[in-house]
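Just below is one structure, and these are the notes that go with it.
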Amino acid sequence: ETITVQELANRMAARVPEVVKSLMKLGVMATATQTIDADTAELVVEEFGHRSKRVSESDVELGLEGQEDSETDLKVRPPVVTIMGHVDHGKTSLLDALRSTDVAAREAGGITQHIGAYQVTLESGAKMTFIDTPGHEAFTAMRARGASVTDIVILVVAADDGVMPQTVEAIRHAKAANVPIIVAINKIDRPDANPNRVRSELLQYDIAVEAMGGETQDVEVSALKRQGLDALQEAILLQAELLDLKANPNRSAEGAVIESSLDRGRGPVATVLVQKGTLRQGDIVVAGTEQGRVRAMLDDHGQPLKDAGPSTPVEILGLSGVPGAGEVFVVVENEGRAREIAEFRQRKLREHAAAAGAAARGTLDQMLARIQAGEQKEVALVIKADVQGSAEAIQATVQKLGNDEVRVRVLLAGVGQITESDVQLAKASDAIIVAFNVRANAQARTLASRDGVDIRYYSIIYQVSDDIETMVKGKLAPIE
Ligand code: GDP
């Protein structure tokens, strides 16, 4: 099985030179038209942070393998943006300010409906979509469910406060997901604003903005005074262009659930983001374990819509129940099929829940099995230690343990007890948590056992490296 470099780039919505660069890192020299083998392609895909779209067993059983789009069918689509940052740095204010720049709202009489995401149309006609739940929790929870909807993260940092703990968490979550960051230095209207301090503080977390010789875009804004919004939107469009975001609008729709609720009058209501294809009123959809015919669709101004193309958020009515945020939705050919799929998934879910008790200790075992089967090429770790020196020493040691086939990827090496945020991060990236002379707090323990995240406790560094070495070799020693 082979694929051309060009085709691979298209499938990842990446640019050819980036793919070539990534291949060079793997020691493979190839041009756009040359072919590479499936294993190499998979490594590149992982490098780009996509989980290579391996069709799941249940999807094969269901015949839901998904159709591939040919390059000529792909059209430019608007970027999907999530705003993250520390509490009180102005995420909500910025979302409101950006929303106010929407020219389409004027046509709709200025009505805005909070449906979990909104789209802004600029004077120029360019569009961009914002996820209306700021913060990394929703972002990570969605990733954990399998949906990756965000193309660009806006990291809001208040110019009078600088980089704070949740700023750092947001950076880690965005980096773990390989989503590019644009820094919005907010509150520049304040007399004590010090944007340069923000720029230099960010260096510590591997974010070098352009003024510091790096490539991350940064924009000074005031959400309150609505200053710098144009420049921020330009930065978003530039980043979107670099990402070369495309989708095929002329196919049946696929996407992700952004949020959902049960409305007294209207029944189950879900906001979905269309990622591929066009969703039409009357379509039959499956979202997680729920299904139904799209009875009505509304946009973020509460206006009825007949169809919605890629990157459009819409509220849909007509589902059998309330699907979870981050659940993937697809359009299927008829109602019988929709019910069949939904029931199949419900059954799987019950089986899974029954097996979960037995598998609680099993995340590591499962990972080793995947590595042995050659399905996993990476051991991802979240490292927490009692002191910075130990965290750094462990990181340096384990990173050397990777080899050509399985690499060790440290998502975070930090100090302090294990928190829910660490568990969420590990869950979203299939990582193991290494706890060195630290404990997990109660919420983190509960979450870890519920989600089957493996927390391993150590007090001697060489025991950490022994264990990680075994994991890496899981792949190398398939011979009994
Ligand atoms: P969030 O917690 O990150 O969503 O922050 P909010 O948007 O709720 O803003 C927190 C506080 O900062 C509020 O009192 C806002 O009015 C204020 N704020 C937000 N943006 C600005 C700004 O650009 N300038 C000033 N001076 N205050 C701002």
Side-chain angles (χ1 to χ4, degrees), residues 79-102 105 110 112-120 122 128-143 149-175 177 179-202 205 207 209 211 216-236 258-259 271 300 313 325 419-421 424-425:
V80 179
V81 180
T82 293
I83 297 189
M84 297 193 200
H86 195 70
V87 63
D88 278 348
H89 279 197
K91 298 181 293 294
T92 313
S93 308
L94 190 58
L95 275 164
D96 289 345
L98 288 164
R99 189 201 291 268
S100 74
T101 65
D102 180 19
T112 58
Q113 302 283 328
H114 285 265
I115 64 168
Y118 65 85
Q119 195 169 61
V120 166
L122 302 182
M128 49 188 74
T129 300
F130 293 91
I131 303 295
D132 208 357
T133 336
H136 59 262
E137 290 83 3
F139 174 82
T140 305
M142 290 227 257
R143 277 187 66 221
V149 301
T150 302
D151 300 309
I152 298 167
V153 163
I154 305 253
L155 181 70
V156 179
V157 190
D160 59 336
D161 203 24
V163 172
M164 297 301 278
Q166 287 167 297
T167 317
V168 177
E169 271 180 23
I171 294 171
R172 284 174 181 153
H173 284 268
K175 288 204 168 189
V179 176
I181 291 172
I182 296 173
V183 180
I185 304 179
N186 191 30
K187 307 199 187 185
I188 46 138
D189 58 289
R190 292 194 49 125
D192 51 347
N194 187 349
N196 278 334
R197 193 186 76 180
V198 173
R199 293 185 181 98
S200 63
E201 283 174 349
L202 284 171
Y205 302 96
I207 298 208
V209 301
T216 304
Q217 298 190 79
D218 67 300
V219 183
E220 293 184 9
V221 299
S222 166
L224 196 71
K225 302 255 166 3
R226 309 214 154 156
Q227 282 166 8
L229 301 179
D230 289 357
L232 180 58
Q233 286 169 332
E234 260 166 49
I236 293 170
I258 304 294
E259 66 172 44
T271 294
D300 48 346
T419 62
E420 276 178 289
S421 164
Q424 281 173 349
L425 177 61

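Order of listing sets the numbers, starting from 1, for every ligand and every atom in it. In this text, all values refer to a predicted model and were calculated from it rather than measured experimentally.
- In terms of the salt bridge (Lys or Arg N to Asp or Glu O under 4.0 Å) criterion, residue partners of Arg190 (sequence neighbours excluded) are, by chain and number, Asp160, Asp192.
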List, one per line, each side-chain donor-acceptor pair under 3.5 Å for residues 89-98, sequence neighbours excluded.
unit_1: His89; atom_1: ND1; unit_2: Ala158; atom_2: N; d: 3.1
unit_1: His89; atom_1: NE2; unit_2: Asp161; atom_2: OD2; d: 2.8
unit_1: Lys91; atom_1: NZ; unit_2: Gly85; atom_2: O; d: 3.1
unit_1: Lys91; atom_1: NZ; unit_2: His86; atom_2: O; d: 2.9

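- His173 has its side chain within reach of Leu425: a pair of non-hydrogen atoms, C-beta onward, lies under 4.5 Å apart.
- Closer than 4.0 angstrom to ligand 1 lie heavy atoms from His86, Val87, Asp88, His89, Gly90, Lys91, Thr92, Ser93, Asn186, Lys187, Asp189, Arg190, Ser222, Ala223, Leu224.
- Remark: Asp151 pairs with Arg77 by the salt bridge (Lys or Arg N to Asp or Glu O under 4.0 Å) rule, at least two apart or across chains.
- Side-chain contact between Val163 and Tyr205 is present, with at least one heavy-atom pair separated by less than 4.5 Å.
- Here the side chains of Ile171 and Met84 are not in contact, with every heavy-atom distance at 4.5 Å or above.
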